[in-house]
Amino acid sequence: MTKKISPPLSDEILSELKIGDKVLISGKIYTARDAAHKRFVEAINKGEKLPVDLRGQVIYYVGPTPAKPGYVIGSAGPTTSIRMDSYMEPLLKIGLKGTIGKGYRSWSVVELLKKYKAVYFIATGGVGALLSKKIKSAKVVAYEDLGPEAVMELQVEDFPVIVANDIYGGDIFEEGVKKYREITLPFKIERISEV
Amino acid sequence: MKIVRVEDVEEAIRRLSMNVNYFINEDLKEYYKNALSREVSDSGKEVLNQIIENVELAAREQLPICQDTGVSIVYVEIGQDVKIEGGSLYDAINRGVSRGYKEGYLRKSVVRDPLFNRVNTGDNTPAMIHVELVPGDVFRITFMAKGTGAENMSRLAMLTPAAGVKGVKEFVLKTVVEAGPNPCPPIVVGVGIGGTFDTVGWLAKKALMRKMGSRHPDPNYAKLELELLEEINKLGVGPQGLGGRVTALDVRIETAPCHIGALPLAVNLDCHAHRVGRWEL
């Protein structure tokens, strides 16, 4: 069953999202990746107000290609989420409730998501042309000087994601891979962590 | 003596920058279709269908296949009998990249300095340029748009000779399984074995830049390529790491002689949006 949601994400919506759920997101989401996260957290540490109100909101980890004439945005698929892991706690503290990216989170972030009741969604990586069709408008709202890393406000319609980590501590990658492993490995598999 | 004009190189690089990002190679498309026929997991099949749909859409509308249009890797093989005229070859390559990435609406993903001054250069330059002198009068360019999701999951190890084939296999499998979903599987795996610390990484990249399905000329390594592919596909990682049978599309190895006490090993991963183009004069 596919669930349809729109930010801001209430506790009630979040409680119903479980790992493996297919979700279509419509409405407003924000983009941010490495450089914007660094600025967000620097601002929080200095006690400054962020350029966008992230309470209840969803951040999409993406740096799109420039829009061709007649297009609202260029290709816009997810980037690897783990690079944002070290910035997560301050953002969760101020009320961020969802992130969209690709790849796994470090175990410490899986714990943080449970602690602060937030969800991590994945979108398919490497299909940026396809995903761009779900984005109906895009405007830069902060840090324009960062170019492809500027913060944008996107209006999306039925943007397809899967719940990878829920508020209950579940992790989709652990579950999925075990089922299909057909080889015994002579070493322990360690998930990389952010520095 | 063959003469190569740098203006022609610039134009070739400009076109390659755009073309590799819009059009996936036909042979790679066959690998996607083959992967779809072998995949058993529902999520895996869904991802593979999205990948196929995406490359068709990208080609139709000339949109980048992936928003990470990569750092530009340019491998130039220059015959000893070739003369380059019209100015600096390196500058011409960078002008080609700059124009291609601007005119082609590609993302500019290079910062000037890695640590203290991470400011975007604004035109995706400089390219990572590797020049090799070869016999004859060939002038061959291999261009790769290399995304960083897979690059960041690549690993290098200075093994000891005692590690042998077993040690090499273990390190490759560990690299792939621990990378999990991050490098956008199904991936292409480039393995460098031998040389020294500095050269082994380049060997792995060169392996990635070879044609899909091309085997190492030494039958021992050709066999190792296929064994690694089979074992990687038993890891269970699957498309996008959600579980499945297709984790890698191909494994290619490049080798070099090395020190009596060394066994350098590098594993360079590339995503399913494996973007490589060629130009030859």
Side-chain angles (χ1 to χ4, degrees), chain A residues 20 22 34-35 38 62-69 71 73-83 101-104 122-133 145-149 160 162 164 172-192, chain B residues 21 40-41 43-44 46-47 50-51 53-55 57-58 61-69 102 104-109 111 118-120 122 147-149 152-153 166 170 173-174 177-185 231 233-245 271-273:
Chain A
K22 289 181 187 176
D34 310 61
K38 186 164 184 271
V62 59
T65 58
K68 280 168 59 166
Y71 285 73
I73 198 164
S75 282
T79 193
T80 314
S81 306
I82 203 160
R83 296 197 315 273
K102 72 169 171 88
Y104 56 62
I122 48 168
T124 301
V127 300
L130 201 60
L131 289 172
S132 73
K133 299 295 179 188
D145 62 298
L146 293 179
E149 296 201 71
I162 298 172
I172 198 173
F173 301 109
E174 280 285 291
E175 306 290 321
V177 175
K178 266 189 217 153
K179 210 165 127 187
Y180 294 96
R181 183 158 302 144
E182 300 170 302
I183 190 171
T184 317
L185 297 171
F187 51 81
K188 195 171 163 272
I189 300 169
E190 287 171 64
R191 186 171 284 197
I192 61 155
Chain B
N21 276 299
V40 290
S41 82
S43 60
E46 194 174 334
V47 167
Q50 287 177 326
I51 290 170
E53 199 186 332
N54 182 66
V55 295
L57 171 67
E61 297 193 20
Q62 304 205 359
L63 291 171
I65 293 158
C66 177
Q67 74 291 336
D68 186 354
T69 50
K102 281 182 185 163
Y105 296 93
L106 305 178
R107 197 180 78 187
K108 290 72 180 176
S109 311
V111 289
R118 292 187 67 92
V119 176
N120 198 305
T148 216
N152 280 351
M153 293 294 116
K166 185 170 171 280
E170 267 185 37
L173 291 177
K174 192 170 163 65
V177 77
E178 292 189 344
N182 295 8
C184 278
E231 288 174 31
N233 284 332
K234 285 182 179 168
L235 289 171
V237 173
Q240 291 297 304
L242 293 168
R245 286 205 183 138
C271 52
H272 59 77

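All values derive from a computational prediction rather than experimental measurement. Letters A, B, ... mirror the listed sequences (proteins, then strands); counts begin at 1.
Between the side chain of B/Arg107 and the backbone N or O of A/Gly63, at least one donor-acceptor pair lies under 3.5 Å.
Interface residue A/Thr65: backbone and side-chain heavy atoms are both found under 4.5 Å from chain B. Interface residue A/Leu185: only side-chain heavy atoms are found under 4.5 Å from chain B. Of the two parts of B/Thr69, only the side chain, counted from C-beta on, holds a non-hydrogen atom closer than 4.5 Å to a non-hydrogen atom of chain A. When heavy atoms are compared at a cutoff of 4.5 Å, A/Leu131 does not approach chain B at all. With a 4.5 angstrom heavy-atom cutoff, A/Phe187 touches chain B only via side-chain atoms. Residue contact with chain B, scored on non-hydrogen atoms closer than 4.5 Å, involves the backbone and the side chain of A/Lys68 alike. With a threshold of 4.5 angstrom between heavy atoms, B/Asp68 does not approach chain A through any atom at all. With a 4.5 angstrom heavy-atom cutoff, B/Asn152 touches chain A only via side-chain atoms. Neither the backbone nor the side chain of A/Ala164 comes within less than 4.5 Å of any heavy atom in chain B. At a 4.5 Å heavy-atom cutoff, the contact between B/Leu173 and chain A is made by backbone and side-chain atoms alike. Heavy-atom distances place the side chain of B/Thr148, and not its backbone, under 4.5 Å from chain A.
Of the listed residues (B/Glu53, B/Glu61, B/Lys108, B/Met153), the one with the most heavy-atom contacts under 4.5 Å to chain A is B/Glu61. Between chain A and the options B/Ala179, B/Ser43, B/Ala58, heavy-atom pairs under 4.5 Å are most frequent for B/Ala179. Per-residue heavy-atom pair counts under 4.5 Å with chain A were compared for B/Leu106, B/Asn120, B/Val111, B/Ile51, and the maximum is reached by B/Leu106. Contact count versus chain B (heavy atoms, under 4.5 Å) is highest, among A/Ile122, A/Thr80, A/Ile183, for A/Ile183. The greatest number of non-hydrogen atom pairs below 4.5 Å with chain A, out of B/Val177, B/Val119, B/Val40, B/Asn233, is found for B/Val177. Taking A/Pro186, A/Gly74, A/Gly101, A/Gly147 one by one and counting their heavy-atom pairs under 4.5 Å with chain B, the maximum is reached by A/Pro186.
The side-chain heavy atoms of B/Asn54 and A/Thr124, taken from C-beta on, include no pair separated by under 4.5 Å. Residues A/Pro66 and B/Lys102 are not in side-chain contact: their nearest non-hydrogen atoms beyond the backbone lie 4.5 Å or more apart. A/Ile172 places a side-chain heavy atom less than 4.5 Å from the side chain of B/Leu242. Side-chain contact check for A/Ile162 versus B/Gln240: every heavy-atom pair is 4.5 Å or farther apart.
For A/Glu174, the salt bridge (charged side-chain N to carboxylate O under 4.0 Å, His left out) test picks out no residue, with sequence neighbours left out.
Residues A/Lys22 and B/Glu46 are paired through a salt bridge, judged by an N-O separation under 4.0 Å between the basic side chain and the carboxylate.
Nearest heavy atoms, A/Ala129 versus B/Pro64: CB-O, 3.7 Å. The nearest pair of heavy atoms linking B/Lys174 to A/Glu190 is NZ-OE2, 4.4 Å. Scanning all heavy atoms of the two residues, the minimum distance from B/Cys184 to A/Lys102 falls at SG-CD, 3.2 Å. Scanning both residues, B/Gly241 and A/Phe173, for their nearest heavy atoms gives O-CD2, 3.2 Å. A pairwise comparison of heavy atoms in B/Leu235 and A/Val177 identifies O-CG1, 3.6 Å as the closest pair. Minimum heavy-atom separation, A/Thr79 to B/Gln67: N-NE2, 4.5 Å.
If you take NZ on B/Lys234 and CZ on A/Arg181, they are separated by 13.5 Å, rounding to the nearest 0.5 Å.
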Checklist entry - Going through the checks in order, is the side-chain contact (heavy atoms from CB on, under 4.5 Å) test met by B/Leu57 and A/Lys133? => result CA-CA 10 Å; B/Leu57 171 67; A/Lys133 299 295 179 188; 3.9 Å; yes
